[in-house]
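What follows is a short report on a single structure.
No hydrogens, no waters, no symmetry mates; every other heavy atom, side chains included, goes into these values. Along the sequence shown, the residues carry numbers beginning at 1.
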Amino acid sequence: MPLGQRAGDKSDSRYCGVEVLDFPAGEGLPAVLNHSLASAFDFILAPLVDPNYRPTPGAVLPVSASDLVLGPAQWSNHVVGKISEWIDLDAEDEQLRLDSELTLKQEIAWASHLSLQACVLPAPRRSSCGNYARVVNQILQGLTNMHLWLRLPLEKSEPMDDDLDKVKNNNHMNEMVDSWELWNSFRLLCDHSSQLCVALDISSTLPSINSLGRWFGEPVRAAILQTNAFLTNGRGYPCLSKQHQRLLTGFFNHYVQVILSGRSNHNVPPVSEGVLLGDENHTEDAPVRHALSPYLDYTAYLYRRMDPLPEQERFEINYRDFLQSPLQPLMDNLEAQTYETFEKDVVKYTQYQRAVAKVLVDRVPDDAVSTTRTVLMVVGAGRGPLVRASLQAAEETGRKLKVYAVEKNPNAVITLHSLIKLEGWESMVTVISSDMRCWDAPEKADILVSELLGSFGDNELSPECLDGAQRFLKPDGISIPSSYTSFIQPITASKLHNDIKAHKDIAHFETAYVVKLHRIATLAPPQQVFTFTHPNFSPNASNQRYTKLQFEMPPDMGSCLVHGFAGYFDSVLYKDVHLGIEPNTATPNMFSWFPIFFPLRKPIYVPDGSPIEVHFWRCCAPTKVWYEWAVTTPTPSPIHNSNGRSYWVGL
């Protein structure tokens with residue numbers, strides 16, 4: 001059964017498995033499965049073939065059980081196959097290498113026959129695993145639904161097998177093998193197959209937080225939690241260190257399932273949450289159903305202790321890691337459903353109302369309130385949320401306001417007229433059905449209000465639109481927003497890379513996507529890219545931009561793989577009123593914008609200690625605006641989207 005109920009969480013991380021350590025021969029597998037399910041585990045990780053088997057001519061594969069002993073649904077939903085651990089496809093011994101290849105293919109074929117959803121591959125025995133990866137890659141090309149989970153230790157382990165002598169000879173006795181490096185080599189050899197995933201063995205020691213963080217951008221499907229990772233609390237029950245607790249919580253949030261493994265080190269009965277929370281009156285009479293039940297109870301306690309998903313996260317959960325093309329607001333007219341979604345963002349319009357109120361108070365002193373009427377133009381009025389926010393600001397401050405609502409979408413204009421009539425705003429609001437760049441205003445405005453910002457600030461052509469509209473402003477007029485800045489940071493995002501790769505063309509790798517980033521690893525803090533200020537009355541003003549940025553990785557992180565760059569923006573509406581999604585200053589509880597993602601055609605490997613140098617261009621032509629980007633350090637990438645050949649925003 002699931003570890004617990006957490007509001008809004010329907011992911012697979014609710015389910016916990018247990019590893020079967022001893023080969024369940026004969027009728028043992030159904031008994032082991034039933035015992036595990038009765039003890040509240042959801043699935044088992046079980047060997048499929050007798051570990052003593054070695055291929056011989058004419059031999060029948062000694063499987064753990066016939067496919068008839070369990071129903072198809074039981075095999076598919078409750079069993080993850082464990083491939084024989086003796087397999088060594090990079091052994092010096094040719095016979096062992098050939099036996100390993102044959103056995104691996106036989107076991108995967110048997111697992112496919114059983115319709116298993118996944119099989120766990122044994123960890124490579126050495127850092128050079130080219131032949132192992134070659135055979136796995138061959139197998140992957142023939143699989144349809146089943147995934148392969150490569151088992152790796154989550155630690156900075158000692159040098160492996162035949163690498164040890166090399167390390168000794170080079171006098172690098174302190175050199176450690178990073179399991180992420182092993183994973184990276186393996187998946188690169190397998191060409192980023194979307195069916196190749198990771199199962200991480202978690203023991204008593206963990207790498208640094210920055211080193212662990214890399215894994216959240218990788219396709220980790222299972223955390224195999226060893227019993228030796230558990231401590232003992234004052235009551236004699238198993239518990240985990242704070243660092244292990246944080247790691248497990250992170251895995252729960254990233255759809256990673258826990259599999260408990262090892263022999264029991266705690267001779268205690270199963271416990272309920274009452275014991276874990278220190279309830280002195282709690283008694284537990286239930287017998288121990290499974291040797292690892294106390295560990296399962298503690299894992300379930302950690303899951304249930306997590307905060308419920310906030311309402312905003314529940315709203316956004318179906319958008320996680322889903323690639324969307326950015327809006328083309330000048331070329332296309334938005335649909336009613338899109339307007340309605342944006343209009344529900346109360347926080348955004350509250351910030352706009354605050355900004356307008358501050359401008360009105362600054363421009364109209366208290367003694368001139370009765371004689372001064374401020375002219376405010378909403379350019380890109382949509383269905384009227386900024387008109388409403390502006391009028392509420394006027395009412396709040398006691399200032400008089402005349403509003404021009406300029407909107408190019410004729411369908412939205414119909415709604416605007418209805419809204420004004422319904423609210424009785426006819427004397428205060430004039431609707432203009434026109435593109436702001438073409439309209440000739442009958443008078444100059446004191447305030448110009450717009451919501452033309454995109455996920456990257458300027459990516460929905462706010463600079464071009466406001467440059468065309470600023471002729472409406474008085475010389476001392478105010479633009480809301482007054483400025484905005486874009487930001488980027490390098491990320492690991494295996495899922496996004498594979499989703500783009502599935503299109504099998506360059507164009508999709510040269511397109512920027514709006515995406516609710518979730519299964520990613522951020523590799524360095526965000527840095528500023530481009531800034532635009534309004535109004536901009538400079539005679540030589542240009543909206544073309546170029547910048548070069550260098551990102552330094554945390555020194556204890558280790559090497560990493562960059563799949564692309566996450567983009568954000570921060571905007572100053574007026575003075576101290578700001579709006580944005582840059583992680584360090586993001587406006588809380590606002591959902592109008594997801595980050596933007598600039599992918600790389602070929603992921604960039606960044607060695608430990610090396611910086612990343614990236615170049616970004618904002619290019620302008622008479623009919624379109626586009627971005628180009630390229631990495632130059634540690635290794636050069638192609639310049640992406642040259643001349644806007646794949647992705648552009650139309651003027």
Side-chain angles (χ1 to χ4, degrees), residues 1-3 12 14-56 59-87 99-100 102-123 139 143-151 197 199 201 221-227 257-264 270 287-296 299:
M1 66 178 66
L3 292 171
D12 288 344
R14 296 176 295 154
Y15 303 109
C16 183
V18 62
E19 181 172 10
V20 179
L21 299 179
D22 301 316
F23 180 65
E27 296 299 314
L29 186 65
V32 168
L33 177 60
N34 291 333
H35 180 51
S36 300
L37 295 178
S39 301
F41 288 99
D42 297 292
F43 62 94
I44 59 173
L45 170 60
L48 300 176
V49 173
D50 188 333
N52 295 315
Y53 166 72
R54 299 296 183 273
T56 55
V60 177
L61 192 68
V63 297
S64 58
S66 162
D67 54 347
L68 301 176
V69 301
L70 297 176
Q74 289 178 298
W75 282 114
S76 179
N77 296 329
H78 299 297
V79 179
V80 173
K82 182 168 68 170
I83 302 302
S84 296
E85 295 179 347
W86 63 264
I87 286 175
D99 287 350
S100 297
L102 178 58
T103 303
L104 176 60
K105 291 180 176 179
Q106 287 177 326
E107 293 192 25
I108 295 294
W110 176 246
S112 295
H113 173 72
L114 298 174
S115 300
L116 300 190
Q117 293 188 41
C119 276
V120 173
L121 302 172
I139 293 170
L143 295 180
T144 51
N145 299 316
M146 191 168 69
H147 286 69
L148 301 183
W149 300 351
L150 183 67
R151 189 168 188 165
C197 306
D201 263 312
R221 289 293 177 268
I224 304 176
L225 187 56
Q226 301 294 328
T227 53
Q257 296 177 299
V258 171
I259 299 174
L260 294 172
S261 176
R263 308 291 179 186
S264 176
V288 177
R289 297 183 299 261
H290 191 287
L292 300 190
S293 285
Y295 304 91
L296 174 63
T299 304

_Side-chain heavy atoms of L116 within contact of L48, under 4.5 Å_ = yes
*Give, for atom CG of L104 and atom CG of L121, the distance between the pair rounded to the nearest 0.5 Å.*
6.5 Å
*asked:* Counting C-beta onward and ignoring hydrogens, is there a side-chain heavy-atom pair between S64 and D50 closer than 4.5 Å?
replied: no
*Does the side chain of S264 reach to within under 4.5 Å of the side chain of Y295, using non-hydrogen atoms?*
yes
*asked:* Which residues pass the ring-ring contact (aromatic ring centres under 6.0 Å, His included) test with W75, not counting sequence neighbours?
replied: none
_Within the 4.5 Å heavy-atom criterion, are L45 and W149 side-chain neighbours or not?_
no
*Which atom names give the shortest non-hydrogen contact between V69 and A65, and what distance separates them?*
CG2-CB, 3.5 Å
*Does the side chain of F43 reach to within under 4.5 Å of the side chain of S36, using non-hydrogen atoms?*
no
*Intermediate values then yes/no, side-chain contact (heavy atoms from CB on, under 4.5 Å), I224 and Q226*: CA-CA 6 Å; I224 304 176; Q226 301 294 328; 3.7 Å; yes
List the atom pairs, donor and acceptor, that lie under 3.5 Å between side-chain atoms in residues 77-84 and the rest of the protein, sequence neighbours left out.
{"residue": "N77", "atom": "ND2", "partner": "A73", "partner atom": "O", "Å": "3.2"}
{"residue": "H78", "atom": "ND1", "partner": "D42", "partner atom": "O", "Å": "2.8"}
{"residue": "K82", "atom": "NZ", "partner": "E19", "partner atom": "OE2", "Å": "2.8"}
{"residue": "K82", "atom": "NZ", "partner": "V20", "partner atom": "O", "Å": "3.2"}
{"residue": "S84", "atom": "OG", "partner": "E107", "partner atom": "OE2", "Å": "2.5"}

_What's the separation between atom CG in L29 and atom CZ in F23, rounded to the nearest 0.5 Å?_
9.0 Å
*What pair of heavy atoms forms the shortest contact from V32 to P24, and how long is it?*
CG2-CB, 4.3 Å
_L150 versus P122, closest heavy-atom pair with distance_ = CD1-O, 3.8 Å
_Least distance between heavy atoms, S76 atom then Q117 atom_ = O-NE2, 3.1 Å
*Kindly compute the distance separating CZ (R151) from CG (D201), expressed to the nearest 0.5 Å.*
4.0 Å
*Flag side-chain contact, heavy atom, 4.5 Å: S115 against P72*: no
*With sequence neighbours left out, what residues match D67 under side chain to side chain donor-acceptor pair (under 3.5 Å)?*
H113
*Euclidean distance, I108 CD1 relative to T103 OG1, rounded to 0.5 Å*: 11.5 Å
*To the nearest 0.5 angstrom, please state how far the OG atom of S39 sits from the NE2 atom of H290.*
6.0 Å
*Begin with the C-alpha distance, continue with both residues' side-chain angles, and end with the deciding distance and a verdict on side-chain contact (heavy atoms from CB on, under 4.5 Å) for V258 and L3.*
CA-CA 10 Å; V258 171; L3 292 171; 5.6 Å; no
_If I compare all heavy atoms of S261 with all of L292, which pair ends up nearest, and what's the gap?_
N-CD1, 4.2 Å
*Please name the pair of heavy atoms, one in L296 and one in L260, separated by the smallest distance, quoted to 0.1 Å.*
N-CD1, 3.4 Å
*Going from CZ on F41 to OG on S293, what distance comes out if it is rounded to the nearest 0.5 angstrom?*
5.5 Å
